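These numbers were taken from a predicted model, which means no experiment stands behind them.
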Amino acid sequence: MATSRRSLHALLGGGAVADVLLWRRRNVSAAAVVGVTAVWFLFERAGYSFPSVIANALLLLVAILFFWAKSASLLNRPLPPLPKLEVSDVVVEKAADQALVWINRVLAVGHDIAIKRDRSVFIKVILILWAVSYIGMLFNFLTLIYIGVMFSLLVSPLYEKYQDHVDEKIGMAHSVLSRHLDTIVSKTGQSTKQKKTE
């Protein structure tokens with residue numbers, strides 16, 4: 001069981017994020033749940049909009065820094081300690097590399113559908129897009145993000161604890177879905193062949 005726990009930790013990145021998702025840093029994980037819930041409540045239930053909250057927070061920050069700098073010069077105190085505010089080239093390159101990987105994956109799927117005419121990929125993409133569309137009709141975007149974050153924070157430790165059972169059930173569901181998908185693909189293939197022969 002220790003090897004499966006290590007593998008899940010490594011699968012999630014193996015760093016501080018994995019520790020938070022698997023509740024190995026309980027205080028940080030609990031703070032993340034409370035913080036995400038507070039942000040969701042602020043935007044969704046209290047009626048604030050994201051631009052107004054950001055503008056008010058920046059307004060408060062600029063006012064605090066301005067009055068701190070003015071009072072520091074009057075009272076002979078040090079100026080506020082501000083870090084160098086710039087994005088490094090390394091961060092931009094890493095983000096571009098990650099974006100390139102995802103864009104190439106999407107283009108490969110498009111290639112499989114359009115050029116190779118892979119029916120199974122086509123049906124999977126249609127089912128996934130339909131599910132996303134249906135779920136999107138039930139919730140707004142912020143609520144979906146909230147559900148996703150809460151899902152990742154609460155399901156990961158449960159999966160780590162019951163990984164063997166979950167993997168067994170997911171394997172069974174995958175085999176059933178694969179059989180149904182193969183049946184659909186073979187039937188669509190037969191109907192197109194029958195049309196061609198007619």
(request) Taking all non-hydrogen atoms of both residues into account, name the closest pair between Ser156 and Ser152 and its distance. (result) OG-O, 2.8 Å
(request) Would you name the heavy atoms of Pro78 and Ala72 that are closest together and state the gap between them? (result) O-CB, 3.5 Å
If hydrophobic clusters are built by linking Ile, Leu, Val, Met, Phe, Trp and Tyr wherever their side-chain heavy atoms come under 4.5 Å apart, do [X] and [Y] end up in the same one?
| X | Y | result |
| --- | --- | --- |
| Phe122 | Leu127 | yes |
| Ile123 | Val106 | no |
| Met137 | Val132 | no |
| Val36 | Ile54 | yes |
| Ile126 | Leu129 | yes |

(message) Is it the case that over 12 heavy atoms from other parts of the model lie below 6.0 angstrom from the CG atom of Asn27?
(response)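 It does not: Asn27 CG has 12 such atoms or fewer within range.
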(request) Take atom CG of Asp89 as the centre, draw a 6.0 Å sphere, and report whether it contains more than 12 heavy atoms from other residues, nucleotides or ligands. (result)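 Counting other residues, nucleotides and ligands, CG of Asp89 stays at 12 neighbours or fewer.
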To the nearest 0.5 Å, tell me how far [X] [atom1] sits from [Y] [atom2].
| X | Y | atom1 | atom2 | value |
| --- | --- | --- | --- | --- |
| Ser29 | Leu154 | OG | CG | 9.5 Å |
| Asp112 | Ser120 | CG | OG | 8.5 Å |
| Met172 | Leu177 | CE | CG | 11.5 Å |
| Asn56 | Leu61 | CG | CG | 12.5 Å |
| Ile147 | Ile135 | CD1 | CD1 | 9.0 Å |
| Phe151 | Tyr146 | CZ | OH | 14.0 Å |

(message) What I'd like to find out is whether the side chain of Trp40 reaches to under 4.5 Å of the side chain of Val149, using heavy atoms alone.
(response) no
(request) Specify whether His165 and Tyr162 have parallel, tilted or perpendicular ring planes, treating 30° as the upper limit for parallel and 60° as the lower limit for perpendicular. (result)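 His165 vs Tyr162 ring planes: tilted.
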(message) Out of the candidates Ile145, Val33, Val155, only one should pair with Met150 under the side chain to side chain contact (heavy atoms under 4.5 Å, CB included) rule; please name it.
(response)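 Among Ile145, Val33, Val155, the one that satisfies the side chain to side chain contact (heavy atoms under 4.5 Å, CB included) with Met150 is Val33.
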